[in-house]
Amino acid sequence: MNSIPRVKHFIGVLGLTNLITASVIPDAKALKASTEHLITRDASPWPYGVIGDSWGSGVSYNDDVLYDNNLDNCLRTKESHGPQMEADTSWTGNFSSGLRDAACSGSPLVDLAKGKYQMGKVGTPNVVVMTSGGNNCGFGTIVDVCIYHSEPLRNYGPAYKDDTDRTGACAKALDDAQNYITNNLQQDLINTINDILADSNVKSKPDFLLYLTGYAQFFGTDYDPWCNNQYWNVLGSLPGKSPIPYLSVELRTAFNDRVSKVNSLYKTTVEQHFAKQVRFVDLDPGFSGHRFCEPGANYDDQVNKDTHFTKVYLWNLNYKWQIANQPAPNPDERNGNISAQEASQLFGNNGVTAWNNGVTASSGGGEGNVPGNGWRLRPFHPRYTGYTSIKTAILAQLKADGLPKAATSSTSSPPPSSSYVKGTCSFHLTETEDCAKVGENLYGVVKMYDNAKNVIGQTVKDDDHPIGYAMDAGNSYSFSSNLSDPLVITGEHENDYVQFKIGALSWQSKTPNGGASCTVGGWNPNDGPVCGLRTGNENAVSLLRFVRENSTY
């Protein structure tokens with residue numbers, strides 16, 4: 001479905017005087033700016049933070065996916081696990097999301113509690129999700145010198161498979177990573193975790209938990225007949241100063257091994273040193289079947305031409321003209337690979353991937369961290385579906401820990417069927433407009449509360465109603481709850497308002513009546529839905545199409 005829905009939120013300012021004794025306007029909830037994520041807040045947010053490197057922040061590659069207007073040059077994106085957690089209301093119970101996202105592309109471990117001091121930007125959270133260490137290990141260097149060869153005039157030395165003397169840039173980068181992981185990573189990790197737990201923002205919170213994620217292995221290693229002969233370097237088969245860096249099973253296995261060692265070290269360190277306050281979250285299983293070079297994915301899938309992001313969960317290198325669906329500068333070049341001169345102009349010796357390229361090696365948030373560079377900074381980072389898998393792994397651990405507390409320690413029990421606590425009744429309506437015919441394109445999702453903030457009715461989305469139930473004029477949404485009468489909701493295109501009716505009481509979203517009125521959020525985006533593919537922005541549209549069809553709101 002080629003459509004991007006726009007979303008408006010209404011906060012139920014209701015006075016159902018025939019059913020309850022009083023009416024109180026609930027605390028306003030706001031919609032975080034995002035065309036695909038429905039995000040609500042109330043007066044009881046459950047505070048949590050996200051810190052780390054570019055696997056924590058994600059890599060914004062255009063303004064549509066930019067999370068916070070590129071605050072601190074960190075490239076945080078709406079696609080990453082933090083904002084996806086913020087959008088997912090299934091885990092927050094009676095609380096709303098209280099996300100503070102401080103993860104920053106390019107950051108090493110020292111930036112979390114010292115250096116750029118990300119912990120100083122997450123408030124006083126109950127939980128912090130941490131993803132870091134890949135920059136310390138030099139993963140970005142491995143990606144650049146083993147796979148992409150972004151500096152066309154550089155001699156990278158032998159391809160990894162043939163480098164028996166280990167003199168080439170790729171072998172050296174993998175050896176450097178191995179040495180750091182073996183000799184230094186654990187102590188650097190311990191120091192960082194100790195600094196986080198001693199931070200003044202969380203030290204006084206005895207129930208504070210730190211969730212340390214690992215990384216996902218990048219490659220499958222049992223798809224040899226096809227992938228052994230593939231190469232993703234920028235020059236392709238064109239003449240250069242270095243042999244073609246084929247994706248040999250030896251290279252893929254070596255890179256996976258470094259990632260696996262990091263994950264094992266993290267898990268062991270948490271168990272041996274921080275079992276009380278730190279949890280290790282293993283992301284790797286969720287990427288099984290969705291890595292590079294795994295069976296079931298063809299060449300187009302490997303280079304991200306799959307429009308639903310379902311085959312490969314990782315970004316590859318896509319040039320600006322490929323993203324914009326334009327022909328390559330030289331149509332004779334294999335798969336859009338480029339000449340040495342073009343590569344020099346595009347990359348400027350800044351390398352590929354946001355692990356630590358385009359920024360200084362010792363800190364995140366460098367000047368190169370702008371969405372316009374996202375096409376070259378995002379390779380070997382999760383795509384939207386990869387971050388959905390990461391979010392799922394984190395939420396599973398939260399659930400295992402009984403968090404958030406709202407889900408297990410509510411001060412009042414849910415009312416029995418067909419009952420409610422009198423005194424206050426409120427609801428929250430999310431209205432979505434898609435790109436169908438006007439008069440057949442408004443949908444509603446409702447959550448209703450009684451006086452004790454017990455949920456006494458809510459919309460259940462399913463495959464037939466992925467964004468809610470129709471609420472157009474002539475096809476109103478009759479929402480049932482524990483109240484004796486349904487709440488009838490009718491959206492009006494003309495003058496842009498919503499009509500409500502329950503029992504003998506009726507009112508409009510823009511007009512109070514009998515103690516009932518509404519706090520109304522604005523449409524997002526403000527210019528209405530954008531329908532069909534947009535030249536130069538296919539990825540953003542494809543993302544929205546995937547979200548719609550898979551109902552992952």
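For reference, positions follow the sequence shown, starting with 1. Because the structure is a prediction, the values reported are computed rather than measured.
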Checklist entry - Can you check whether L209's main-chain N or O pairs, donor with acceptor, with N126's side chain at less than 3.5 Å? => result no
Next on the checklist: If I take atom CZ from residue R378 and atom OH from residue Y61, how far apart are they, to the nearest 0.5 angstrom?
Outcome noted: 6.0 Å
Checklist entry - Hey, does M119 have a side-chain heavy atom less than 4.5 Å from the side chain of V128? => result yes
Checklist entry - Does the side chain of Y48 come within less than 4.5 Å of E86's, by heavy atoms? => result yes
Item to check | Donor-acceptor pair, side chain of W91 and main chain of M85, under 3.5 angstrom | outcome: yes
Item to check | Side-chain donor-acceptor pair present, T213, T131, cut-off under 3.5 Å | outcome: yes
Checklist outcome for this item: Of all heavy-atom pairs linking L429 and G444, the shortest is CD1-CA, 3.9 Å
Item to check | Nearest atoms (heavy-atom pairs only) where L75 meets L377 | outcome: CD1-CD1, 3.6 Å
Checklist entry - Would a 4.5 Å heavy-atom cut-off, applied to side chains only, mark F274 and N194 as touching? => result yes
Item to check | Donor-acceptor pair between Y477 and T459 side chains, under 3.5 angstrom | outcome: yes
Checklist entry - Are the side chain of S480 and the backbone of P486 linked by a donor-acceptor contact shorter than 3.5 Å? => result no
Under 3.5 Å, side-chain donor or acceptor atoms of residues 282-292 against the rest of the protein: list the pairs with distances, not counting sequence neighbours.
| residue | atom | partner | partner atom | Å |
| --- | --- | --- | --- | --- |
| D282 | OD1 | D284 | N | 3.1 |
| D284 | OD1 | Q217 | N | 2.7 |
| D284 | OD1 | R291 | NH1 | 2.8 |
| D284 | OD2 | Q217 | NE2 | 2.9 |
| H290 | ND1 | T310 | O | 2.9 |
| H290 | ND1 | K311 | O | 3.1 |
| H290 | NE2 | Y313 | OH | 3.4 |
| R291 | NH1 | Q217 | O | 3.0 |
| R291 | NH2 | D284 | O | 3.3 |

Next on the checklist: Is any side-chain heavy atom of V127 closer than 4.5 Å to one of W46?
Outcome noted: yes
Checklist outcome for this item: For S57 and S54 the tightest heavy-atom approach is OG-CA, 3.3 Å
Checklist entry - Taking the side chain from D53 and the backbone from W55, do they hold a donor-acceptor pair closer than 3.5 Å? => result yes
Item to check | Test item: I196 and I51 side chains (from C-beta on) under 4.5 Å apart, heavy atoms | outcome: yes
Next on the checklist: Are there over 12 heavy-atom neighbours, none belonging to K203, within less than 6.0 Å of that residue's NZ?
Outcome noted: no
Checklist entry - Quick one: does T92's side chain have a donor or acceptor within less than 3.5 Å of a partner on F95's backbone? => result yes
Item to check | Closest heavy-atom pair and its distance - S107, G52 | outcome: CB-O, 3.7 Å
Checklist entry - Among M471, E431, Q499, K501, which one satisfies side chain to side chain contact (heavy atoms under 4.5 Å, CB included) with I489? => result M471
Checklist entry - What about F500 and F427, are their ring centers closer than 6.0 Å? => result yes
Item to check | Separation of T269 OG1 from I193 CD1 (nearest 0.5 Å) | outcome: 7.0 Å
Checklist entry - N369 versus C74: any side-chain heavy-atom pair under 4.5 Å? => result no
Item to check | Separation of E79 CD from H381 NE2 (nearest 0.5 Å) | outcome: 12.5 Å
Next on the checklist: I want to check something: taking the side chain as every heavy atom from C-beta on, are L189 and M130 in contact at a cut-off of under 4.5 Å?
Outcome noted: yes
Checklist outcome for this item: On a heavy-atom basis, the closest approach of V270 and V278 is CG1-O, 3.3 Å
Checklist entry - So, the side chain of D472 versus the backbone of L442: is there a donor-acceptor pair under 3.5 Å, distance only? => result yes
Next on the checklist: Within this structure, what is the CG-OG distance for the pair L265 and S260, rounded to the nearest 0.5 Å?
Outcome noted: 11.0 Å
Checklist entry - Rounded to the nearest 0.5 Å, how far apart are NZ of K121 and CG of D101? => result 11.0 Å
Item to check | Validation row: Q118, C104 side chains within 4.5 angstrom (heavy atoms) | outcome: yes
Checklist entry - Regarding Y443 and T430, is there a side-chain donor-to-acceptor distance under 3.5 Å anywhere? => result no
Next on the checklist: I'd like to check the side-chain contact (heavy atoms from CB on, under 4.5 Å) partners of N201; sequence neighbours left out, ordered by chain and number.
Outcome noted: Y117, T124, D199
Checklist entry - Donor-acceptor pair, R383 side chain versus V312 backbone, under 3.5 Å? => result yes
Checklist outcome for this item: Hits for side-chain hydrogen bond (donor to acceptor under 3.5 Å, both in side chains) against N316, two or more places apart or cross-chain, chain-then-number order -> Y148
Checklist entry - Short question: side chain of S509, backbone of V498 - any donor-acceptor pair under 3.5 Å? => result yes
Item to check | Pair K116 + D72, salt bridge at N-O below 4.0 Å | outcome: no
Checklist entry - Backbone N or O of Y215 within a donor-acceptor pair of the N263 side chain at under 3.5 Å? => result yes
Item to check | Heavy atoms from other residues, nucleotides or ligands near NZ of K114 exceed 12 (cutoff 6.0 Å) | outcome: no
Item to check | Main-chain N/O of Y384 paired with T388 side-chain donor or acceptor, under 3.5 Å | outcome: yes
Item to check | Heavy-atom closest contact (P371 atom, L66 atom, distance) | outcome: CG-CD1, 3.8 Å
Next on the checklist: So, taking the atom named OG in S60 and the one named CG in D68, what distance separates them when rounded to the nearest 0.5 Å?
Outcome noted: 8.0 Å
